[in-house]
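Every chain is numbered from 1 and lettered A, B, ... according to where its sequence line falls, protein lines coming before strand lines.
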Amino acid sequence: MNVFSYFREQVVKELETLAAAGKLPPGLDTARVTVEPPREAAHGDISTNAALVLAKAAAMKPRDVAALLVERLRSHPEATAADIAGPGFVNLRLRDSFWQTRLGDILRTGETYGAADIGAGQAINVEYVSANPTGPMHVGHGRGAVVGDALAALYAKIGYKVTREYYVNDAGAQVDQLARSVHLRYREALGETVGAIPDGLYPGEYLQPVGAALAARDGDKWRGRPEDEWLAPIREFAIAAMMELIRGDLAALHVRHDVFSSERHDVVERQRVGEVVEFLRQRDLVYTGTLEPPKGMKPDDWEPRPQMLFRATTFGDDVDRPLQKSDGAWTYFAADMAYHLDKYRRGFARMIGVWGADHGGYVKRMQAAVAAISDGKAGLEIRLCQLVNLLEKGEPVKMSKRAGTFVTLRDVVDRVGAGVVRFIMLTRKHDQHLDFDFAKVTEQSKDNPVFYVQYAHARTRSVMRQAAEAFPGIDLSDRALAGADLARLAHADEIVLVKHLAGWPRLVESAAEAGEPHRVAFYLYDLAASFHALWTRGKDETALRFVAADDRALTLARLALVRGVGIVVASGLRLIGVEPVEEMR
RNA sequence: GAGCCCUUAGCUCAGCCGGAUAGAGCAACAGCCUUCUAAGCUGUAGGUCACUGGUUCGAAUCCAGUAGGGCUCGCCA
């Protein structure tokens, strides 16, 4: 149950009742009415701005509208108080029993607590990672992978039918360079001395085993042959090897995709680019024109040239975009349009893309493209992820591909673990630079948010083990705890913690709708802090300890709370792909 | 030159759809271990929300402009 959505319905219902009774004008638009927790706990449990947003339309003073609402809400069975505050907020205070019942809900629901059906099964496509198949994933890709994966999980949790997709850019000049690089490594594997890898090719050592594997498979079949004979088969071989590498990187991070779409096989070879161009032509969205050079920067080799252009400006882009290169080949953008048309035809009216910040300049044109290929019926939302800085005790990790000191995502995952990488990647909003300090993220202290949250979960398990010892044979199943006398949870600090847990469904919804999975990590951190605080209070005040050896009923009630914390923390961690731990070692 | 993103405490960052006295962590200072794990907790101090104007009952939040930082800019993907 989302407490706040529930009370929003209650408020709207009361407003309608007031309108029916002639105390408010009929037909007021309640769209802007919000119900949320007040920033100050002292203001109550539930706060609504209804009076403020309706006052003008009702031609009344905000506080007068508020007075009507207060009169109605005061008699709500769950409310103990309703007050007007400030300019016209209405604040509600709820019975402890209401919150205790919510805790019972959590125990009965388990880790699916927080799920909702806002998406109503609507299909949504989240495309993320889509790293070029030319080498191992780097740390920046890792961030996109984590953000995309968590975002997909959030959408699924609120009831969307999510498809997680990876677009393999295996059709351009880059993969030809990859093939040439592998050909060199292949000759090397056959005993030739190839010397320094030429500029423009991929110098990484990770291609050595690929060259060796090719030599093992094909022998000296390609040696001394002209490039046009070996380029295509070696390219295919190399791309397959790179995708295997990347799939391994993803698996290490526990990221999985449902669909891998290939630019070469699914778009180019199936003539989909020509199709999309024809589609656009029928709508008069294609013409031949000459672009102005970008002002303020002078490309050395610029020469005005008529090109086939897409009318991106019709859909809000800054300039029209080329579909064809000067050699007649389609641009990457043209293929990408075809790819998005394909997505749309597969049933996705809502598409999400998680991209690196260096693709920011591409957002408008792709959104224009999606509007065009769907006749305005589909939307593309882009989350841009900023850079990740790798640090070692505050000092930047020096990286150079040439010197062989490049730190890959896999290096990082192998060193600190997938869970740590995933959590830390969500400790900043996606559009902020993120510092990833090896020393800090592996530290066993409260300065390390992953540790801090995991410790809270481990503590909930520890309490359960303690209780089982103190009361031999006691039934500590969720079902048994849900049946405990939760009215015994009477201490203010305990109720505060329950309220925190009850905020989880709202947090899930808002994080999903805003496309901001980092909110999950921040929520978990705050919840862990609340729990650690209550725990420590039990050190000073023995009466507040969870396990009270002389009071079985009280212990059960408190264990219900502890278990509730465990469920929500575990649920949140799993949502972002982190496995909760049973104990710290 | 243009577009997009960013600017909040000494540092690193949250701040939900415009809402009440702007919040955490670190660092600083003062405390808490015979105790369910001190791998933790409590308190104090710290702010012209870059700047200027606008929108309105109300702006860190929306709009315009200015300054600073990042990314990008036909024939790369």
Side-chain angles (χ1 to χ4, degrees), chain A residues 31-32 34 36-40 43 47 49 52-53 55-56 61-62 85-89 91 130 132 134 169-175 263 290-297 299 301-305 307 309 317-319 321-322 324-329 331-333 335-336 356-364 384 386-387 427-429 431-433 435 443-449 451-452 454-456 458-459 462-467 469-470 506-507 509-511 513-514 516 518-519 522 525-526 529 532-540 542 545-549 558 562 583-584:
Chain A
R32 289 175 59 222
T34 61
E36 48 194 17
R39 188 158 51 202
E40 295 287 328
H43 291 149
S47 177
N49 65 353
L52 291 164
V53 300
K56 187 171 269 183
K61 287 183 193 162
F89 290 101
N91 294 331
S130 297
N132 290 338
T134 54
N169 298 134
D170 51 6
Q174 290 187 8
V175 286
E263 181 185 1
T290 306
L291 291 175
E292 296 287 312
K295 288 174 186 167
M297 57 178 299
D301 55 347
W302 181 274
E303 44 184 283
R305 179 175 289 149
Q307 284 177 299
L309 300 173
D317 200 359
D318 306 312
V319 290
R321 302 293 179 176
Q324 233 173 7
K325 303 180 198 172
S326 54
D327 66 359
T331 58
Y332 175 80
F333 174 62
D336 216 0
D358 55 341
H359 288 66
Y362 202 70
V363 174
K364 275 191 187 176
L384 292 179
Q386 270 297 347
L387 304 176
T427 54
R428 289 286 176 274
K429 197 172 165 184
D431 58 8
Q432 288 277 357
H433 289 262
D435 287 343
E443 201 173 288
Q444 305 265 301
S445 83
K446 67 193 173 79
D447 299 346
N448 176 0
F451 176 83
Y452 188 78
Q454 286 285 23
Y455 186 32
R459 272 186 158 169
S462 162
V463 174
M464 294 308 201
R465 291 191 293 268
Q466 289 286 342
E469 257 177 55
R506 178 173 191 264
L507 186 281
E509 285 172 26
S510 69
E513 284 174 345
E516 296 185 352
H518 73 283
R519 291 187 194 180
F522 280 88
Y525 184 85
D526 287 343
H532 285 311
L534 185 58
W535 168 287
T536 306
R537 210 147 300 160
K539 289 212 163 289
D540 301 331
T542 324
R545 292 194 190 174
F546 302 127
V547 179
R558 288 184 173 165
V562 170
E583 56 184 329
M584 307 308 289

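Among the atoms of the strands shown, only primed sugar atoms or phosphate atoms (P, OP1, OP2) are found under 4.0 Å from some heavy atom of P322(A). Residue contacts for S445(A): at a heavy-atom cut-off of 4.0 Å it reaches the sugar-phosphate backbone alone, with no base atom in range. Contacts of K56(A) with the nucleic acid, taken as non-hydrogen atoms under 4.0 Å apart, involve only primed sugar atoms and P, OP1 or OP2. No engagement by F333(A) is indicated, since no non-hydrogen atom pair under 4.0 Å with the nucleic acid exists. No engagement by Q324(A) is indicated, since no non-hydrogen atom pair under 4.0 Å with the nucleic acid exists. Nucleic acid contact class of E303(A) (heavy atoms, under 4.0 Å, all strands): base. E516(A) comes within contact range of the sugar-phosphate backbone alone, with a heavy-atom separation under 4.0 Å but no base atom that close. Across all strands shown, Q444(A) has heavy atoms under 4.0 Å from base atoms, whether or not it also approaches the sugar-phosphate. Within the nucleic acid shown, R465(A) has no heavy atom closer than 4.0 Å to any nucleic acid atom. Heavy atoms of N91(A) sit under 4.0 angstrom from at least one base atom. If you check every strand for non-hydrogen atoms under 4.0 Å, E40(A) touches sugar and phosphate atoms only. At a threshold of 4.0 angstrom between heavy atoms, the contacts of A173(A) are confined to the sugar-phosphate backbone, with no base atom among them.
The side chain of L52(A) sits closest to C57(B) out of C57(B), A24(B), A77(B). For N132(A), taking side-chain heavy atoms from C-beta onward, the closest of the listed nucleotides A77(B), G58(B), U21(B) is A77(B). Taking only side-chain atoms of D431(A), from C-beta outward, the nucleotide of A20(B), A14(B), C6(B) with the closest atom is C6(B).
Annotation for F89(A) and S47(A): closest pair CD2-OG, 3.9 Å, computed over non-hydrogen atoms.
Counting non-hydrogen atoms of neighbouring residues, nucleotides and ligands closer than 6.0 angstrom, the CZ atom of R32(A) reaches no more than 12 such neighbours.
Across the P atoms, A50(B) and U56(B) are found 23 Å apart, a figure rounded to whole Å. If you take atom C1' in U55(B) and the same atom in A14(B), they sit 27 Å apart, rounded to whole Å. With both ends at atom C1', the span from A28(B) to G10(B) equals 10 Å, rounded to whole Å. Straight-line distance between the C1' atoms of A24(B) and C17(B): roughly 23 Å, to the nearest whole Å. C71(B) and U8(B) have their C1' atoms separated by 22 Å, with the value rounded to a whole Å. Atom P of A22(B) sits at a distance of 16 Å from the matching atom of C51(B), rounded to the whole Å. Nucleotides U52(B) and G70(B), compared at atom P, are 24 Å apart to the nearest Å. Remark: the separation of the P atoms in A30(B) and C36(B) is 29 Å, to the nearest Å.
Side-chain nitrogen and oxygen atoms of H518(A) include at least one within less than 4.0 Å of the OP1 or OP2 phosphate oxygen of G15(B). The side chain of R459(A) contributes an N or O atom lying less than 4.0 Å from OP1 or OP2 of A38(B). Close to C32(B), at under 4.0 Å from its OP1 or OP2, lies no side-chain N or O of K539(A). For U12(B), neither phosphate oxygen OP1 nor OP2 lies less than 4.0 angstrom from any side-chain nitrogen or oxygen of Q432(A). The side chain of Y452(A) places an N or O atom within less than 4.0 Å of a non-bridging phosphate oxygen (OP1 or OP2) of C41(B). Look at W302(A) and you won't find any side-chain N or O under 4.0 angstrom from OP1 or OP2 of C75(B). Under 4.0 angstrom from either OP1 or OP2 of A77(B) there lies at least one side-chain N or O belonging to K325(A).
The ring of F522(A) does not lie on top of the base of A14(B); it is either too far (5.5 Å or more) or too tilted (30° or more). Here H433(A) does not pack flat against the base of G70(B), since the 5.5 angstrom centre distance and 30 degree tilt limits are not both met.
Each of G361(A) and G538(A) lies near RNA chain B, and the nucleotide nearest G538(A) is the one positioned closer to the 5' end. Nearer the 5' end of RNA chain B, as judged by each residue's closest nucleotide, is the contact made by S47(A), out of A533(A) and S47(A).
Taking only distance into account, the side chain of S326(A) meets the base of C75(B) through a donor-acceptor pair shorter than 3.5 Å. Not a single donor-acceptor pair, N or O on each side, falls under 3.5 Å between the base of C16(B) and the side chain of R519(A).
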Item checked: Stepwise side chain to side chain contact (heavy atoms under 4.5 Å, CB included) test for R428(A) and H518(A) -> CA-CA 6 Å; R428(A) 289 286 176 274; H518(A) 73 283; over 6 Å; no

Margin query: Could you write out RNA chain B as dot-bracket? Rules: Watson-Crick or G-U wobble, both distances under 3.5 Å, brackets [ ] for crossings, | for pairs with another strand, dot for unpaired.
Written below: (((((((..((((.....[...)))).(((((.......))))).....(((((..]....))))))))))))....

